[in-house]
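Below, all heavy atoms of this structure are taken into account, side chains as well, without hydrogens, waters or symmetry copies. Whatever order the structure lists them in is the order used to number ligands and atoms, beginning at 1. Values in this document were obtained by computation on a predicted structure and should not be read as measured data.
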Amino acid sequence: MAGGLRDLSTDSALLSLNTATVRAQWSLRQAIEGCARHGIGAIGPWRDKLAECGIDEAAQLIAGHGLRVTGLCRGGTFPAADEAGRQAALDDNRRAVDEALAIGAECLVLVVGGLAPGSKDLGDARAQVRDGIGALLEHARSAAMPLAVEPLHPMYAADRACVNTMAQANDLCDDLGPGLGIAVDVYHVWWDPDLRRQIDRATGRILAFHVCDWLVPTRDLVTDRGMMGDGVIDIRRIRGWVEAAGYSGCCEVEIFSALDWWKRDADEVLATCIERHRTVV
Ligand code: ZN
């Protein structure tokens, strides 16, 4: 294989299923059992599915099937209109750290939040994010749970995340220090002309690598992500950069697809993920 990439062609142990990929079809228990059945080595649960299953139950199921947990999705949503809102966000994020610890997650993924309600001040939102992560880091460090900031595509700056580039995520890591890293999701960063340099700058701090594809046209801003290979992202090239930056963890498939993959049989979805992981990731 070119560029010294790891050979994924036979190694589904290095594949992780983000539960969003089968959100419409499966509970967390079904997703865990599905991964085990298909030989997928890791899982990335969302907190709603985790709460539904029960944290102790989920921890037992995950351990019982020998799965890695590549990350818990998600903490974040720091900006708020007032101090009470900021405190509520911090409390919820501390609980998320504890949940990540309980299921043996390798990191807690942070989708940091957009503008505070009623605000047009993006600079203020970004300052609130920095302060919120700074406050959370104390608890996360004492729990030895790494936090992974996930930069989101700028189309989500208002309502989901005002950290939109790898450069911003790197700046946060430089500012806030140990215990903070980055989740690189190809869907959100593939367009960035500075991507290669910023991934290189992130050497040693990449904690997760999320894959799916960018469809042309994209019919829905949230729920029309593509299966790897069906869109325009050069996933393998980006994986090469990420691995050159020292990342040796799993490739986590995270596909929000109300129009396609959520309508299919979940076992077919997993089989397709495995095949595309071998051929295009
Ligand atoms: Zn992601």
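Its N, O or S atom nearest to the Zn ion (ligand 1) is what matters here, and for Glu150 that atom is OE2. As for Glu254, its N/O/S atom nearest the Zn ion (ligand 1) is the one called OE1.
Expressed to the nearest 10°, the angle at the Zn ion (ligand 1) joining ND1 in His210 with OD2 in Asp185 is 110°.
A salt bridge links Glu243 with Arg239: the distance from a Lys NZ or Arg NE/NH1/NH2 to an Asp or Glu carboxylate oxygen falls below 4.0 Å. Comment: Arg95 engages Asp92 in a salt bridge, judged by a side-chain N to carboxylate O separation of less than 4.0 angstrom.
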Side chains of residues 114-122: which donor-acceptor pairs under 3.5 Å do they make with residues two or more places apart or in other chains?
| unit_1 | atom_1 | unit_2 | atom_2 | d |
| --- | --- | --- | --- | --- |
| Ser119 | OG | Asp121 | N | 2.9 |
| Asp121 | OD1 | Gly123 | N | 3.2 |
| Asp121 | OD1 | Asp124 | N | 2.9 |

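Taking the six-membered ring where the residue is Trp, Trp214 and Trp190 present tilted rings, their angle falling between 30° and 60°.
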